[in-house]
Student: 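After the structure tokens below, expect a handful of questions from me.
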There are 2 protein chains.
Amino acid sequence: MTRQRAAVLSVVSRKGCHYTAEEIFTEAKLILPTISRATVYNSLHALERDRLIRRITAEDSSDRYDSSYIPHGHLYCTRCAKITDFELPSFTEHLCAVADGEIDSYELKVRYICKECKKMVETPKM
Amino acid sequence: MTRQRAAVLSVVSRKGCHYTAEEIFTEAKLILPTISRATVYNSLHALERDRLIRRITAEDSSDRYDSSYIPHGHLYCTRCAKITDFELPSFTEHLCAVADGEIDSYELKVRYICKECKKMVETPKM
DNA sequence: TCATTTTTTAGAATCAGTCTAAAAATATTA
DNA sequence: TAATATTTTTAGACTGATTCTAAAAAATGA
């Protein structure tokens with residue numbers, strides 16, 4: 001665990017955040033001004049390999065990172081792009097039976113329209 | 001629904017396949033030799049917008065497409081990269097409560113090592 | 001038909017992510 | 001500690017998936 005990796009981990013670990021690699025790079029530079037983009041990518045891969053963070057994919061272009069590798073769900077608002085974590089009922093056993101193999105981890109992706117966006121879309125006068 | 005979109009849809013609809021855009025382009029050219037890459041991307045976006053196909057993201061670089069928009073699970077083997085569909089127990093109601101918003105669709109991504117790969121990895125003599 | 005709109009095409013452009021090779025840091029061994 | 005080996009970092013070039021652009025073609029509709 002180098003200083004660079006620690007910096008990257010500290011950024012990703014911020015509560016409730018799901019940053020892109022570019023955002024992590026920007027934030028990490030505030031901690032270690034000389035850190036390079038390649039090191040951010042290297043660190044993200046190493047941290048993911050070591051199960052300290054998890055890569056997730058939103059519907060847009062770039063990958064994002066989550067501070068927890070523990071299986072959980074993500075709500076993706078299709079209007080404002082906000083990502084929210086939520087706890088999953090544990091169905092590891094059920095999945096093991098379905099998968100007929102060794103489960104590493106899982107994630108439930110839910111596309112939805114969040115409460116705020118739904119409110120905005122509602123047009124009571126029409 | 002143009003000829004091009006129909007061709008793209010027919011390729012994506014092949015049973016059990018989870019093609020990349022490039023693979024879809026290759027296959028679509030066998031049906032309509034003059035079809036262009038941009039049209040394949042346009043068509044994929046239009047078909048996804050109209051809920052006829054679903055975009056999924058494996059762990060590797062490029063997006064893939066699934067012939068069904070109906071919520072279901074995907075098993076991603078981390079060794080051989082094979083993707084397998086599986087049915088999900090319906091928890092739409094539970095999700096609606098959790099999400100506090102309007103659910104569009106959902107997908108359960110499971111990272112695992114499939115039976116065949118696990119067999120290969122096992123080294124009984126050690 | 002004529003005008004309007006949508007779609008397609010080919011190729012250029014973009015952008016996220018990877019690769020490279022040299023420099024720096026770290027670990028190892030004598 | 002000095003010498004050596006290994007790992008990591010850095011900057012920038014490179015790659016490859018996807019998007020953009022502008023002109024041509026096709027579809028729509030008055």
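Reminder, nothing fancy here: chain letters follow the sequence lines and each chain counts from 1.
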Student: In residues 19-37 of chain A, what residues come within less than 4.0 Å of DNA chain C, judged by heavy atoms?
Tutor: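 A:Ala21, in order of number.
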
Student: Please report, rounded to the nearest Å, how far the C1' atom of C:dC15 is from the CG atom of B:Asp63.
Tutor: 14 Å

Student: Using the side-chain hydrogen bond (donor to acceptor under 3.5 Å, both in side chains) rule, collect all pairs that involve residues 40-52 of chain A, keeping only residues at least two apart or in two chains.
Tutor: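 Every pair satisfying side-chain hydrogen bond (donor to acceptor under 3.5 Å, both in side chains) with a residue in residues 40-52 of chain A: A:Arg51-A:Asp104.
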
Student: Residues in salt bridge (Lys or Arg N to Asp or Glu O under 4.0 Å) with A:Glu27, at least two apart?
Tutor: A:Arg14

Student: List for me each residue that meets salt bridge (Lys or Arg N to Asp or Glu O under 4.0 Å) alongside B:Arg5, sequence neighbours excluded, and say none if there are none.
Tutor: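 For B:Arg5, no residue satisfies salt bridge (Lys or Arg N to Asp or Glu O under 4.0 Å) once neighbours in sequence are set aside.
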
Student: Ring pair (Phe, Tyr, Trp, His ring centres under 6.0 Å) with B:His94: which residues, sequence neighbours excluded?
Tutor: none

Student: Between the axis at one end of the helix from C:dT1-D:dA30 to C:dA30-D:dT1 and the axis at the other (five pairs apiece), what's the angle to 10 degrees?
Tutor: 30°

Student: Taking DNA chain C as the partner, which of residues 38-48 of chain A come within under 4.0 angstrom of it by heavy atom?
Tutor: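 When residues 38-48 of chain A is checked for heavy atoms under 4.0 Å from DNA chain C, the hits, listed by number, are A:Ala38, A:Tyr41, A:His45.
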
Student: With side chain to side chain donor-acceptor pair (under 3.5 Å) as the test, pick out the partner of A:His74 among A:Lys109, A:Glu107, A:Arg111.
Tutor: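 Going through A:Lys109, A:Glu107, A:Arg111 one by one, the side chain to side chain donor-acceptor pair (under 3.5 Å) with A:His74 is satisfied by A:Glu107 alone.
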
Student: Using side-chain hydrogen bond (donor to acceptor under 3.5 Å, both in side chains), reason through B:Thr57 and A:Thr57 one step at a time and then give a plain yes or no.
Tutor: CA-CA 7 Å; B:Thr57 48; A:Thr57 47; 2.7 Å; yes

Student: Distance check: side-chain N/O of B:Gln4 vs OP1/OP2 of C:dT9, anything under 4.0 Å?
Tutor: yes

Student: With sequence neighbours excluded, tell me which residues meet side chain to side chain contact (heavy atoms under 4.5 Å, CB included) with A:Lys29.
Tutor: A:Phe25, A:Ile35

Student: If we ignore hydrogens and angles and just use 3.5 Å, is the side chain of B:Ser10 paired with the main-chain N or O of B:Ala7 as donor and acceptor?
Tutor: yes

Student: For residues A:Ile103 and B:Val110, report the shortest heavy-atom separation together with the two atoms involved.
Tutor: CD1-CG1, 3.4 Å

Student: First locate atom CG of A:Leu47, then atom OG of A:Ser67, and finally report the distance between them rounded to the nearest 0.5 Å.
Tutor: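 Rounded to the nearest 0.5 Å, the CG-OG separation comes out at 11.5 Å.
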
Student: Could you tell me the separation between the CE atom of B:Met1 and the C1' atom of C:dT7, rounded to a whole number of Å?
Tutor: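 Result: 13 Å.
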
Student: Taking only nitrogen or oxygen atoms into account, show me every contact under 3.5 Å that the protein makes with nucleotides 22-27 of chain C, one pair per line with its distance.
Tutor:
none

Student: List the residues meeting side chain to side chain contact (heavy atoms under 4.5 Å, CB included) with B:Ala58, not counting sequence neighbours, and say none if there are none.
Tutor: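 Counting only residues at least two positions away or on another chain, B:Ala58 forms a side chain to side chain contact (heavy atoms under 4.5 Å, CB included) with B:Asp60, B:Arg64, B:Tyr76, B:Ile83.
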
Student: Using side chain to side chain donor-acceptor pair (under 3.5 Å) as the criterion, list what pairs up with A:Thr39, not counting sequence neighbours.
Tutor: A:Ser36

Student: Just jot down the salt bridge (Lys or Arg N to Asp or Glu O under 4.0 Å) partners of B:Asp63, sequence neighbours excluded, or say none.
Tutor: B:Arg55

